[in-house]
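Bear in mind that the values here come from a model prediction, so they are computed numbers and not experimental data. Numbers restart at 1 for each chain; the letters A, B, ... are given by sequence-line order, proteins then strands.
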There are 2 protein chains.
Amino acid sequence: MSHMGYGCLMAVDRDHVLRSAAALLTRKSTATMDEVAKAAGISRATLHRHFAGRDALVRALEALGIAECQAALAAARPDEGPAADAVRRLVAAIEPHAPLLAFLYTENQLFEGEEQNEGWAAMDERVAALFRRGQASGEFRIDLTPAWLTEALYGLLASAAWAVAEGRVAPKDFTHMIVELLLGGVRRPDAPARRKES
Amino acid sequence: MSHMGYGCLMAVDRDHVLRSAAALLTRKSTATMDEVAKAAGISRATLHRHFAGRDALVRALEALGIAECQAALAAARPDEGPAADAVRRLVAAIEPHAPLLAFLYTENQLFEGEEQNEGWAAMDERVAALFRRGQASGEFRIDLTPAWLTEALYGLLASAAWAVAEGRVAPKDFTHMIVELLLGGVRRPDAPARRKES
DNA sequence: CTTGAATGAGACATCAATGTCTCACATGGG
DNA sequence: CCCATGTGAGACATTGATGTCTCATTCAAG
């Protein structure tokens, strides 16, 4: 009787439900609780036993996304070696979680005045710190603020995730496309029409 | 009785309603028809006389966004001069409409299997053609596909619009940040840690 | 002034999603 | 075997948004 709480099996199931919900909501962000339940192979009643409601589910998804991104960030060792390489490692590490990130990125637009999970602020700060480090070391240009570069990275991750999901881009090019565009831009280094030279 | 405090002549034409709705839905994409009506200074009944329903409103908003973006595209003269300059003109021309574009960009994720407005395909093609032209002329690198560059441009526009809306970025830097990141990337051209370069 | 069109206010039914509940089943441990 | 727990299925009320309707008011044209 006494709540039994998060037993061994519960945690596994909960995680499976969460991942199924992430996969579904990534494709169809307006999916019903019923659809989420079916996608996870459970009934709506059981889904409700795991998550009090849709809001709780999204919050749990948000926590999952933050945890995965923070793990990816830690695995990318953002403080080691050239900042450019660290950015590449970071994108590569986040790649598997990009669809979930894309979902949360747009979902966050809905969190109007409501409280924002402070986990995002922590993520933002660590990513911004990476760009700041690159600027301090002279690797990165200093006329683009770290805050903007962080936002741009999220935007590119989300765009790439959608482009891949809709078949407009090959999945294998994911990391390359994002990193190359973010670091080097679209202009050829030795473009013939180069006009400014510093 | 009915104080009617609002202006005397509310001459609400369809365009004014559309722009108000765009401004509101950009900030709060889940706004109610009632909220949309209030934002436009009209009653829900009148709003319904202009647009059959929420779906029709969003479609009209989509048509407005497409029209504005196409106008911006035409004004940017994408076929004239260096492609890099054309990109800059394009971003500058779209800037005023970026919030609406950002709203539609995420809203389109919801148009699951439903029909996509072919206007977007036309936009995509013309933007991709600009990047293709830059590649053909040798200005742009060829290892990033025009389709991805088009997606990335949309993503950066949306990211920048949100960043500006949330005060994380100064509005005056909008065009500069997008264009510089897209064209030149974050890496300094003469970065000291440059490793791979022939 | 009279009339007609457009509007605002609000009532009302509808509909979809949600949250809560009960009940039957089945599975595993005592 | 018996029972407790978790589950699936489904009924049910609730909530919020929506679409439709009526009616009084306002404003401008005649």
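Of the N and O atoms on the side chains of A:Tyr105 and B:Ser159, at least one donor lies less than 3.5 Å from an acceptor on the other residue.
Nearest to the side-chain atoms of B:Arg49 among the listed nucleotides C:dT18, D:dA9, C:dT7 stands C:dT7. Side-chain atoms of A:Met33 lie closest to C:dG19 of the nucleotides C:dG19, D:dG8, D:dA17.
Atom CG of B:Leu47 and atom C1' of C:dA6 are 15 Å apart (whole Å). Rounding to whole angstrom units, CZ of residue A:Phe51 and P of C:dG19 are separated by 13 Å. The distance between atom CG of A:Asp13 and atom P of D:dT5, rounded to the nearest whole Å, is 18 Å. The CG atom of B:Leu57 sits 14 Å away from the C1' atom of D:dG19 (whole-angstrom rounding). Rounding to whole angstrom units, CG of residue A:Asp55 and C1' of D:dT15 are separated by 15 Å. In this structure, A:His48 atom NE2 and D:dT14 atom C1' are separated by 13 Å, rounded to whole Å. Separating the CZ atom of B:Arg14 from the P atom of C:dT7 is a distance of 14 Å, rounded to the nearest angstrom. In this structure, CD1 of B:Ile42 is placed 11 Å from P of C:dA9, rounded to the nearest angstrom.
In this structure, A:Arg89 does not pair ionically with A:Asp85, as no charged nitrogen and carboxylate oxygen lie closer than 4.0 Å.
With hydrogens and angles ignored, no donor-acceptor pair closer than 3.5 Å exists between the side chain of B:Arg54 and the base of D:dG19.
An OP1 or OP2 oxygen of C:dG8 is reached within less than 4.0 angstrom by a side-chain nitrogen or oxygen of B:Thr46. At least one side-chain nitrogen or oxygen of A:Thr32 sits closer than 4.0 Å to the OP1 or OP2 atom of C:dA17.
The two atoms that bring B:Ala102 and B:Ala161 nearest to each other are CB-CB, 4.1 Å, heavy atoms only.
Taking for each of A:Ala45 and A:Asp34 the nucleotide of DNA chain C with the nearest heavy atom, the 5'-most of the two is the partner of A:Asp34.
Residues B:Asp173 and A:Trp148 fail the side-chain proximity criterion, which asks for heavy atoms closer than 4.5 Å.
Across all strands, B:Arg44 comes closer than 4.0 Å to base atoms (heavy-atom distances).
Between the CZ atom of A:Phe140 and the CZ atom of A:Arg133 there is a distance of 8.0 Å, given to the nearest 0.5 Å.
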